[in-house]
> 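After the structure tokens below, expect a handful of questions from me.
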Amino acid sequence: MTDSKYFTTNKKGEIFELKAELNNEKKEKRKEAVKKVIAAMTVGKDVSSLFPDVVNCMQTDNLELKKLVYLYLMNYAKSQPDMAIMAVNSFVKDCEDPNPLIRALAVRTMGCIRVDKITEYLCEPLRKCLKDEDPYVRKTAAVCVAKLHDINAQMVEDQGFLDSLRDLIADSNPMVGLSTSCFPNHCNLLDLNPQNINKLLTALNECTEWGQIFILDCLSNYNPKDEREAQSICERVTPRLSHANSAVVLSAVKVLMKFLELLPKELDYYTTLLKKLSPPLVTLLSGEPEVQYVALRNINLIVQKRPEILKQEIKVFFVKYNDPIYVKLEKLDIMIRLASQANIAQVLAELKEYATEVDVDFVRKAVRAIGRCAIKVEQSAERCVSTLLDLIQTKVNYVVQEAIVVIRDIFRKYPNKYESIIATLCENLDSLDEPDARAAMIWIVGEYAERIDNADELLESFLEGFHDESTQVQLTLLTAIVKLFLKKPSETQELVQQVLSLATQDSDNPDLRDRGYIYWRLLSTDPLICHIGSLASVYHKPPNAFVEGSHGIHRKHLPIQHGSIDTGESPVSAGPAVPIEQAQSVIPSQGDLLGDLLNLDLGPPVNVPQVSSMQMGAVDLLGGGLDSLLGGDLGGGVGGSPAVGQNFIPSSVPNTFAPSPTPAALSSGLNDLFELSTGMAISTGGYVTPKSVWLPAVKAKGLEISGTFSRRQGQMYMDMTFTNKALQHMTDFAIQFNKNSFGVIPTTPLPIHTPLMPSQSIEVSLPLNTIGPVMKMDPLNNLQVAVKNNIDVFYFSGLIPLNIFFVEDGKMERQVFLATWKDIPNENELQYQIKECHLNADTVSGKLQNDNIYTIAKRNVEGQDMLYQSLKLTNGIWILAELRIQPGNPNYTLSLKCRAPEVTQYVYQVYYSVLKN
């Protein structure tokens, strides 16, 4: 009856019964009980509670029972370390048993029990067993040292076990010597000297095949002292090449490949050894496919190092029809590595045959292999190209595409040599649908554009679906069109501008954008040689980069592309338009290249508008200026007092004595001087807030003033309604402003020239300018006003909507906008939400432009419209904006950047008011 009966019991109370049986006086009963315990342990039952009872069964002469008990101990010693100590005495006693099998079993079991408390008691028995008279015990003890070293390496060294192992290498029994090299890193622990190596080589002939593998691996870690010793070892290892076991053969090859490095090539033995290495490697290829694959992977490494070993055996690596695909691909790789001028004809014939196979991956690799042969063996390049052309004529799509990729690499290796085949390649242009093949064809067209009459048409056909192409194709197409432009500048201006615009403006890929900007910069021209002796030669920048309005040397630009939108196309469209009929004269020769397309500067931006500083100080309400009015002094302040702000401008003073509209005159003069006045848009009138009551009648003895602010035709106005709700008429009106954040003062006197009768109202528009004294207010747009009449002086304040300070020349050039945005610190960027706004991007842009908020560019990113806008305040502060509009989403996101971030909340209020009304 077999032992399977021990695995079929499912009794309840089984542990209790086993405990009783383990303590039975009869040996057979105890043996049966231990077998049942091991069976239960094997199927996963917890029988650790029987530990003391099983340990008691160790005291027996029965070898089978002892093995079972040791098996139980090895399994449960880790979980029961304290109880495992009980077995130590039995182990020590068994190590001195007359039976060598029991001695070896005890040592092996103690080495397998990885418990620190057990290892302390293992040293003495192990030391005795290392010197045991029986070779099997010595061999087992040597292996036990290796296990003990993993548990406690320091203890192994301290107890001198390594010295004992070195002595065992010279053991009379080869199996004992072998055991010293049969565990990991052991050869590094032992000092491998010529004597020890000689002992291992002696044991090599008497070991099993796995023992030979261990010895050979150990030998591969040895460094011979000279070439004679290396040759001697090689001679003794060479017979292993004819071993039946493939693992032994490969281990022997490993040793010989290493020691070949130490042998001089002129030595006859060197040549002989190379010849001896070839047959065993070839023999390995006659095994099963799996064995072949392992052998081929190893042979691949060998031929990379020493292809001469198998250079005469290339036919062995020709693919068989029934080889698995993984074997075919590996053979193909080795064939290419062994290809030489002597065998290239055979190789190409094979590869051409492989290219007609049905396996697509194999066919692709075969075509690729033809190209690798052409690059590796120059003399065969022409034959390889001819073979590739034959394959293209088959019109098999994937073959054609792979062939074009390969031909591109051949063109790179041998430029200007095989251009005659370009026409054939171009015939297959429409069939290319893989990114690699399309990129290869684009590269060929761009590289040899001067030899292809319709190169621009071919590249333009790829440009039509630019954004649908892969990144690889986009990058190659960009480079190819720039090459084409350099070779045919007069014919491809619009094409190069189009691809640069697509790459930089409409692409989200940073690699593509960066390359586009680099090409744009490389193609731009502004020769600084013309500016030697000027500031431009010091700054290494053109004059117009740091002198506003300076023309410098006349600069050439690409013509604006037909149909481009000012807010959506390339940054070059922001410049002056060039008539289409002049396009051919703009870039007359290759020497002029492209003109300055973008004038990007990678350094710190120049020509960036700076912030006007605001005078800071405590609010001094009119500084006593109004107090003097109580005495009726109206005549001395026509020009304004710089100390106290401005004195009243009475309505009786003629307009000729009032302050003139200096900003307009000054601006006109300076703009004409620097030629900046051209292109300034004059708004027809922006958003005007409804009038509100500034001064109620109850606080001003019957005088009520309501009003608002507006900007019309570039001029600021304070529009007011004066209403007399008193019982007497009012005359002698005058007005004065306190110092404020923007230096606002009246341009003319208050235009009320007739008495204001009871219950009468009069509309007044008071022109304003910003040349008065400045003092920062809180809030920033607060304006404190005093109005005098024949009754009294009255005070009130109002908030000026910031849009009346938005000047008409607030449209930035694109390159300046880009540089300014980057230059302003990120912490100065603030975001706001404009909710419940149902306008499209074009309507928003139009409404904002009426308030001198200019759209510099418009982009659509993932269905979201992005408006980039600029505006300028009368004090020279620039504000840059990014407005995100998602169709269907009534909530807009507004990002504002400014060097004076305290202004941005008031700009947001303008956006909100304009878009919501």
> Decide salt bridge (charged side-chain N to carboxylate O under 4.0 Å, His left out) for R306 and E261; before the verdict, give the C-alpha distance in whole Å, the side-chain angles of both, and the deciding distance to 0.1 Å.
CA-CA 11 Å; R306 298 191 182 278; E261 300 286 340; 3.2 Å; yes
> Any donor-acceptor pair under 3.5 Å linking the side chain of S242 with the backbone of P239?
yes
> Checking K311 side chain against A339 main chain: does a donor-acceptor pair fall under 3.5 Å?
no
> Quick one, V405 with V367, criterion side chain to side chain contact (heavy atoms under 4.5 Å, CB included). Give me CA distance, side-chain angles, the key distance, then yes/no.
CA-CA 10 Å; V405 173; V367 176; over 6 Å; no
> Ignoring hydrogens and angles, tell me if any N or O in the side chain of N509 forms a donor-acceptor pair with the backbone of L512 under 3.5 Å.
yes
> When rounded to the nearest 0.5 angstrom, what is the spacing between CD1 in I442 and CD in E469?
6.0 Å
> Using a 6.0 Å distance limit plus a 45 degree cone around the ring axis, check whether K315 lies over the aromatic ring of F318.
no
> Any donor-acceptor pair under 3.5 Å linking the side chain of K331 with the backbone of D323?
no
> Give a yes or no answer on whether the side chain of Q292 reaches the backbone of G287 with a donor-acceptor pair at less than 3.5 Å.
yes
> Do NZ/NE/NH1/NH2 and the carboxylate oxygens of D456 and K488 come within less than 4.0 Å?
no
> Using only atom types and a distance under 3.5 Å, with no angle test, would you say the side chain of S461 pairs donor to acceptor with the backbone of L458?
yes
> Could you state the interatomic distance from CG (D436) to CG (L432), rounded to the nearest 0.5 Å?
11.5 Å
> Between D217 and K254, does at least one N-O distance fall below 4.0 Å, as a salt bridge requires?
yes
> Nearest heavy-atom pair of A503 and S507: which atoms, and what distance?
O-CB, 3.4 Å
> State whether W443 and R412 meet the cation-pi test: NZ (Lys) or CZ (Arg) under 6.0 Å from the six-membered ring centroid, and within 45° of the perpendicular axis.
yes
> Under 3.5 Å, side chain of Q474 to main-chain N/O of F466, donor-acceptor pair present?
yes
> Of the non-hydrogen atoms in L338 and N343, which two are nearest, and what is the gap between them?
O-ND2, 3.2 Å
> Looking only at side-chain N and O atoms, does E288 offer a donor or acceptor that is under 3.5 Å from a partner on Y293?
no
> Which residue in the set I309, L250, I334 passes side-chain contact (heavy atoms from CB on, under 4.5 Å) when paired with I302?
I309
> With rounding to the nearest 0.5 angstrom, report the CD1 to CD distance, I481 to Q497.
12.5 Å
> Test side chain to side chain contact (heavy atoms under 4.5 Å, CB included) on L502 and Q498; report intermediate values, then the result.
CA-CA 6 Å; L502 288 170; Q498 185 181 357; 4.3 Å; yes
> State which residue, out of V385, I422, I392, fulfils the side-chain contact (heavy atoms from CB on, under 4.5 Å) condition with I407.
I392
> Side chain to side chain contact (heavy atoms under 4.5 Å, CB included) between L478 and L500: does it pass, once the steps are laid out?
CA-CA 7 Å; L478 174 60; L500 288 174; 3.9 Å; yes
> Which value, rounded to the nearest 0.5 Å, describes the distance between C373 atom SG and R368 atom CZ?
13.5 Å
> Would you say the side-chain atoms of S251 pair up with the backbone N or O of A247, donor to acceptor, closer than 3.5 Å?
yes
> Would you compute the distance between atom CD of E434 and atom CD1 of I404 and round it to the nearest 0.5 angstrom?
10.0 Å
> When the aromatic ring centroids of Y354 and F362 are compared, is their separation below 6.0 Å?
yes
> Out of curiosity, R364 CZ to Y398 OH, how far, rounded to the nearest 0.5 Å?
8.5 Å
> Determine yes or no for a side-chain-to-main-chain donor-acceptor pair under 3.5 angstrom, with S286 supplying the side chain and V282 the backbone.
no
> So does P307 get a backbone contact from the side chain of R337, meaning a donor-acceptor N/O pair under 3.5 Å?
no
